[in-house]
Structure formats: structure tokens, C-alpha cells
Visitor: 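First the structure, then my questions, so here it is.
Since the model is a prediction, treat every value here as computed from it, not as a measurement.
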Amino acid sequence: MSTILVWRKQLQNLYAKFSVYIIIVLKLIAGFLVFSLINSNIGFMEKAASVMCTAGLSVVCAFLPMIVMTLAASALVLIHLFELSIAVAVVTGVYFVLMYIFYFRFSSGTSWLILMTAVSFTLKVPLVVPVAVGLLGTPACIVPAACGTFCYYIIRLVMNSSSMFKADGLEGMIASAVAFAKKTMTNKEMWVMVAAVVICILLVYGVRRCSVDHAWKIASVSGVIAAVLVCTAGNIALDVHISYTTLAISGVLAIVTGLVLEILFLSVDYTRTERLEFEDDEYHYYVKAVPKFAVTVPEKSVQHINERQSSTGENTENGWGNDSGWRDDDEQEEINDPHSSDDDEDMDTGWSESNKKEIEADTILLTRSLNKELGLDVSERNKPAEKE
């Protein structure tokens with residue numbers, strides 16, 4: 001566990017240092033995945049479905065906000081549908097307008113969730129995104145998640161029944177539009193999956209906020225079970241055909257995703273849980289405190305080791321004090337900076353020259369005072385003799 005926490009800390013440091021570039025790369029990958037899936041499923045216009053168009057849109061959207069990528073994906077879908085049938089493109093455009101009205105009203109800022117939900121359904125893992133959103137998001141995220149589910153089933157309907165929506169003339173276009181709208185709104189499987197996604201998000205969010213140990217694990221498992229039960233009830237009651245294999249694989253991956261997200265964003269030690277009780281003038285408090293795992297990333301210490309010289313004479317010439325090949329820190333600094341010793345010698349020389357005379361003067365004065373006290377001052381002795 002400590003190794004995983006060290007890796008998490010290193011990932012956090014790496015993201016904090018290169019967050020701008022990491023976000024751009026993730027947007028580039030997401031854009032290429034979204035546009036590739038659209039072109040591979042409903043690529044009716046060959047020019048728009050080309051690899052150059054996919055790569056160009058991905059690169060442009062990588063440097064822009066996610067709402068731009070969502071709008072670009074919607075525009076690409078409408079272009080392909082316009083090539084198939086103008087009536088289908090018009091009806092889908094109306095759906096997109098209504099969808100964005102709800103999105104901007106309730107949950108603006110989570111446009112990436114519309115794309116990721118549709119992508120998860122296309123990749124046959126529809127329960128992964130609802131569990132992740134319930135753990136990390138809020139109930140407002142059910143709007144973009146439901147919109148993403150709706151978009152996926154629109155694309156799937158066009159992909160499976162494209163031939164029946166082709167029509168010529170005004171009457172044929174009207175009939176095609178009515179048939180498309182009717183099939184879209186009466187798609188029982190779509191509404192069952194929308195209900196499963198909404199219930200999964202709300203249940204995961206509610207359990208995750210409960211004051212129980214291992215709440216994130218319980219929330220992930222309970223959300224998956226609830227979604228599977230809703231889909232099973234839909235298969236039995238409404239005679240829809242949702243694959244149980246897809247639900248099983250998606251549920252396992254969703255639980256694994258929940259465990260990974262718990263390690264990355266929560267990581268608490270339930271064995272050291274504390275329950276506190278205190279009060280003030282207005283309230284009485286019951287507090288449950290769960291400490292986080294604290295792991296310090298080990299720092300690498302580098303020790304410089306020089307190669308062993310062949311002889312002691314070479315060591316002496318190179319200024320080494322011993323034969324073992326090791327150097328003290330001061331000696332290593334002198335070798336790394338050869339000019340430092342010269343500077344020190346210059347400083348010592350300047351100091352001795354400036355203070356040499358003062359030291360000599362102090363020495364002379366001290367000698368004279370001692371001679372005088374001991375009666376050894378020759379000059380004082382000679383003065384009486386001269387007078388005589």
C-alpha cells in the first residue's frame with residue numbers, strides 16, 4: 001500500500017508540474033477517439049470522415065475548452081446526417097438544441113461528460129462513467145450523462161436503420177422525419193438505460209456521502225447492482241434486449257474504476273478513525289475524523305566517489321590527502337573550483353600585509369614595557385653615565 005501511495009504522490013507532483021501539457025494531451029486523445037467513433041459509425045460524408053479531418057479537429061479542439069469539442073462533435077454528426085437525409089438532420093438538430101438548453105441551464109461546465117458517456121456506451125462499458133461521476137461529481141451531472149446516453153442511441157438508430165430514412169420529395173422527407181422522431185422517442189432500451197444511469201449516479205453519490213467506513217467501495221458496488229437490476233427489470237417487463245454479458249463486464253470494470261479513484265482521490269486509514277463530541281453555545285457536535293494516509297516520497301542522495309589512482313605519487317600530485325580515493329567535502333569543493341584556493345590565498349596575503357606592521361608595533365611596545373619593569377632598559381642605564 002505504501003508503494004501505491006508513493007506512486008500517487010509522484011503522479012500528483014508530475015501533474016502539478018506539467019498540468020498544462022497533460023491536459024492538452026488528454027484532450028487530443030479524447031478528441032481523436034470521439035471523432036473517430038462518429039466517423040466509423042455514421043461516416044456518410046467521405047470528406048468529413050477522412051483521417052485528415054479527424055486529426056485536424058482533434059488538434060484544434062485540444063487547445064480549446066471542452067464545450068468546443070462537444071459542439072464540434074454535434075456539428076460533425078449533423079453533417080453526416082444531412083448527407084443521409086435532410087429530415088433526419090433537422091430532427092436531430094432540434095434534439096441537440098433542446099439538449100443544450102437543459103445542459104446550460106443545469107450543469108454547464110461538464111460538457112466532457114456528454115462525450116465520455118456516449119464513448120463508454122460505444123465501447124460496451126456503459127456503467128463505468130456513471131460510477132465515476134457518482135464518486136467525483138454531484139447530482140447535477142445526471143443531465144449531461146443522460147444527454148450522452150440519448151446521443152449514443154440516436155447514432156445507433158441511424159447506423160442500424162439508415163436505409164429506411166432515405167426519401168425524396170417533400171412528402172417523403174416529412175414521413176422520414178416523423179418515422180425517425182417516433183422511433184427515437186419510443187426506444188424502450190434507451191429509456192431503460194437513461195433510468196439506469198440516473199439511478200446509478202444518484203445512488204453512488206448518496207452512499208458515498210454517508211458516514212460509514214469504506215463508503216466509496218460500498219457506493220461503487222451498490223450503484224452497479226442497482227443499474228444491473230434496472231436493466232434486468234427492463235428486459236423482463238418491457239421486452240428489451242440489453243446484453244447481460246455487457247452489463248457484467250461493465251459492472252466489474254466500474255467497481256475496479258471506483259477502487260482506483262478511491263486510491264487517487266481519497267486514500268484514508270479507517271483503522272485510525274476517531275469520533276469526537278463537543279459543543280459550543282449554540283450547537284452540540286458529533287464528529288467522525290478519518291485520517292489520510294501520509295507518505296513521504298523518498299529523496300535520492302547522491303555521493304560522489306572518485307576513481308582510485310594507480311599510485312600514491314599521482315594522488316599527492318593531484319592534491320589528495322589519502323590513498324583510498326575518497327575526498328572530504330572541502331577537498332572536493334577545492335577540486336571542483338580550482339580558483340577558490342587562489343582566492344583564499346590572496347585574501348590571506350592581503351590580510352597579513354595589512355596587519356603585519358600593527359603586530360610588529362604591538363610586539364615592540366610589549367617588549368619595551370617588560371624591559372622597563374624588569375630593569376633591563378639599556379637606554380635608561382646609559383643616561384646617568386652620559387651625565388657624569
Side-chain angles (χ1 to χ4, degrees), residues 34 37-38 40-42 70 73-74 76-78 80-81 84-85 87-103 106-107 110-111 113-131 133-134 141-165 176-203 223-224 226-251 254:
V34 169
L37 291 175
I38 292 173
S40 62
N41 289 317
I42 55 170
T70 307
S74 302
L76 185 61
V77 170
L78 292 177
H80 288 303
L81 295 183
L84 173 67
S85 172
V88 173
V90 171
V91 175
T92 305
V94 173
Y95 286 153
F96 283 167
V97 170
L98 295 176
M99 180 183 69
Y100 285 118
I101 288 175
F102 279 98
Y103 164 73
F106 294 103
S107 58
T110 56
S111 58
L113 188 53
I114 300 175
L115 300 177
M116 292 300 102
T117 304
V119 169
S120 67
F121 273 86
T122 306
L123 298 178
K124 306 300 182 183
V125 285
L127 301 182
V128 172
V129 172
V131 170
V133 171
C141 294
I142 62 176
V143 175
C147 292
T149 306
F150 185 74
C151 292
Y152 164 74
Y153 278 98
I154 288 177
I155 295 175
R156 181 182 174 184
L157 176 62
V158 173
M159 181 179 63
N160 295 332
S161 308
S162 59
S163 59
M164 67 178 298
F165 297 127
S176 178
V178 172
F180 178 73
K182 184 178 180 180
K183 278 189 169 294
T184 303
M185 301 307 295
T186 58
N187 190 343
K188 297 179 182 179
E189 182 178 342
M190 180 186 72
W191 294 116
V192 170
M193 288 306 302
V194 169
V197 168
V198 171
I199 292 173
C200 181
I201 292 175
L202 293 178
L203 184 60
V224 169
V228 171
L229 290 178
V230 170
C231 294
T232 303
N235 284 343
I236 297 173
L238 301 177
D239 194 22
V240 297
H241 303 285
I242 301 175
S243 174
Y244 292 108
T245 304
T246 300
L247 291 176
I249 297 174
S250 178

Visitor: Can you name the closest pair of heavy atoms from Leu203 and Ala226 and give their distance?
Guide: CD2-CB, 3.5 Å

Visitor: Nearest heavy-atom pair of Val192 and Cys231: which atoms, and what distance?
Guide: CG1-CA, 4.0 Å

Visitor: Work out which heavy atom in Val131 is nearest to a heavy atom in Cys200; give both atom names and the distance.
Guide: CG2-SG, 3.9 Å

Visitor: Heavy atoms, side chains only, cut-off 4.5 Å: are Tyr95 and Cys151 in contact?
Guide: no

Visitor: Testing the basics here: between Lys188 and Leu238, what is the closest heavy-atom pair and its distance to 0.1 Å?
Guide: CD-O, 3.6 Å

Visitor: Will you find, in the side chains of Tyr100 and Ser74, an N or O donor that is under 3.5 Å from an N or O acceptor?
Guide: yes

Visitor: Decide yes or no for Val228 and Tyr244: does some side-chain heavy atom of the first lie under 4.5 Å from some side-chain heavy atom of the second?
Guide: no

Visitor: What are the two closest heavy atoms between Cys141 and Leu113, and how far apart are they?
Guide: O-CD2, 3.4 Å

Visitor: Roughly how far, to the nearest 0.5 Å, is the CE atom of Met193 from the CG atom of Leu127?
Guide: 6.0 Å

Visitor: Closest approach of Thr117 and Ala145, non-hydrogen atoms and distance?
Guide: CG2-O, 3.4 Å

Visitor: Check the angle between the aromatic planes of Phe150 and Trp191 and answer parallel, tilted or perpendicular using the 30° and 60° thresholds.
Guide: tilted

Visitor: Nearest 0.5 angstrom please: Lys182 NZ to Thr184 OG1, how far?
Guide: 12.0 Å

Visitor: To the nearest 0.5 Å, how far apart are CG in Leu84 and NE2 in His80?
Guide: 11.5 Å

Visitor: Relative to each other, are the rings of Tyr153 and Phe121 parallel, tilted or perpendicular (30° and 60° limits)?
Guide: perpendicular

Visitor: If only atom types and distance count, is the side chain of Tyr103 paired as donor or acceptor with the main-chain N or O of Thr110 below 3.5 Å?
Guide: yes

Visitor: Would you compute the distance between atom CG of Leu229 and atom CD1 of Ile199 and round it to the nearest 0.5 angstrom?
Guide: 10.0 Å

Visitor: Drop me the distance from Thr92's OG1 to Met99's CE, to the nearest 0.5 angstrom.
Guide: 10.5 Å

Visitor: Are Pro126 and Val197 side-chain neighbours, meaning at least one heavy-atom pair lies under 4.5 Å?
Guide: no

Visitor: So, taking the atom named CD1 in Ile42 and the one named CG in Leu37, what distance separates them when rounded to the nearest 0.5 Å?
Guide: 11.0 Å

